[in-house]
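What follows is one structure encoded as structure tokens, with my remarks underneath.
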Amino acid sequence: AKTVAELGISLANESELRASVASLPERLVEIKKALIETYKSHARDIAVQWRAGFSVLLYGYGSKFELLKMLVRECSAGYPALVIDGLSPRVNYRSILMNTLGVVRDCKPSNFSSMNDDELLKSITEETKHQRIFVMVSNIDGPSLRSLEQQRALSEFSRIPRLHFGASIDHVNAPLI
């Protein structure tokens, strides 16, 4: 086994690190499956806490997308819900606002393109007076969401009453965000 330093990869270069990890043979398959099953067995407990108003943040390498979708299904029965892929370069704070409002009002997000961010936030806040909304962002530390401005805006968004916010975080430098 080689260390990251021996491979000549900078820890700051996430794409190189991910490419190197992807090229390695799959190991500990059964242990990983058991771990995922353990996470799934805790999904109901996480769902109860999420419905109670706590935020959910999952950390670590590896895709948690299916687990996040399962949590949303578990929690959001009867309520508007949205799962967002934060790795998409088109995803940013504004697109999250527009998509959230689109799901709540059951229409295309582009219907809100003329609204500014404050108007979108106010509209979502108004909607939550009448119903809960569940929003899960997979990879909240994706490239287009990583900036301080985007993170602050998402923090503000997550404080909307009755908006249940959850996310996963994968970046090597995640603790610094």
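Positions are given from 1, in the same order as the sequence printed here.
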Exercise. Could you walk me through whether Ile124 and Phe157 pass the side chain to side chain contact (heavy atoms under 4.5 Å, CB included) test, one step at a time?
Key: CA-CA 9 Å; Ile124 294 167; Phe157 174 71; 4.0 Å; yes
Practice problem: Rounded to the nearest 0.5 Å, what's the gap from CD on Gln150 to CG on Asn92? Could you check? | Solution: 5.0 Å
Quiz item: Okay, side chain of Gln151, backbone of Ile140: is any donor-acceptor separation there less than 3.5 Å?
Solution: yes
Quiz item: Under 4.5 Å between side-chain heavy atoms, hopping through other hydrophobics if needed: is there a path connecting Leu145 to Tyr59?
Solution: yes
Quiz item: What pairs of residues pass the side-chain hydrogen bond (donor to acceptor under 3.5 Å, both in side chains) test when at least one of them lies in residues 113-129, not counting sequence neighbours?
Solution: Arg94-Asp117, Arg105-Glu127, Glu126-Lys129
Exercise. Kindly compute the distance separating CE (Met136) from CG (Leu68), expressed to the nearest 0.5 Å.
Key: 5.0 Å
Practice problem: With rounding to the nearest 0.5 Å, note down the distance linking CG in Leu87 to OG in Ser138. | Solution: 6.5 Å
Self-check item: Ser168 side chain to Leu58 backbone, donor-acceptor under 3.5 Å
Solution: no
Quiz item: What distance separates Thr100 OG1 from Leu82 CG, expressed to the nearest 0.5 Å?
Solution: 5.0 Å
Quiz item: Measuring from Glu156:CD to Leu154:CG, what's the distance to the nearest 0.5 Å?
Solution: 10.5 Å
Quiz item: Angle class for the His164/Phe134 ring planes (parallel below 30°, perpendicular above 60°, tilted otherwise)?
Solution: parallel
Quiz item: Does a sphere of radius 6.0 Å around CG in Asp45 hold more than 12 heavy atoms from other residues, nucleotides or ligands, not counting ones at 6.0 Å or beyond?
Solution: yes
Quiz item: Between the main-chain N or O of Ile46 and the side-chain N or O of Arg51, is there a donor-acceptor pair closer than 3.5 Å?
Solution: no
Practice problem: Take Ile133 and Tyr79 through the test side chain to side chain contact (heavy atoms under 4.5 Å, CB included) and record every step on the way to the result. | Solution: CA-CA 6 Å; Ile133 302 170; Tyr79 298 106; over 6 Å; no
Quiz item: Taking Ser76 for the side chain and Val72 for the main chain, is one N or O donor matched with an acceptor at less than 3.5 Å?
Solution: yes
Quiz prompt | Common cluster, Ile84/Leu57, ILVMFWY with side-chain heavy-atom separation under 4.5 Å | solution = yes
Practice problem: State, with a plain yes or no, whether a side-chain heavy atom of Asp85 is found less than 4.5 Å away from one of Val91. | Solution: no
Practice problem: Report yes if the side chains of Ser95 and Arg90 come closer than 4.5 Å at any heavy-atom pair, otherwise no. | Solution: no
Quiz item: Which heavy atom of Pro109 sits nearest a heavy atom of Asn99, and at what distance?
Solution: CG-OD1, 3.2 Å
Quiz item: Do you know the tightest heavy-atom contact between Lys69 and Val83?
Solution: CG-CG1, 4.1 Å
Quiz item: Sub-3.5 Å donor-acceptor pair from the side chain of Trp50 to the main-chain atoms of Phe165, do we have one?
Solution: yes
Quiz item: Could you state the interatomic distance from OG1 (Thr38) to NZ (Lys33), rounded to the nearest 0.5 Å?
Solution: 14.0 Å
Quiz item: Judged by atom type as modelled, is there a donor-acceptor pair below 3.5 Å linking the side chain of Glu74 to the main-chain atoms of Ala47?
Solution: no
Quiz item: Under 4.5 Å between any side-chain heavy atoms of Leu121 and Leu97, yes or no?
Solution: yes
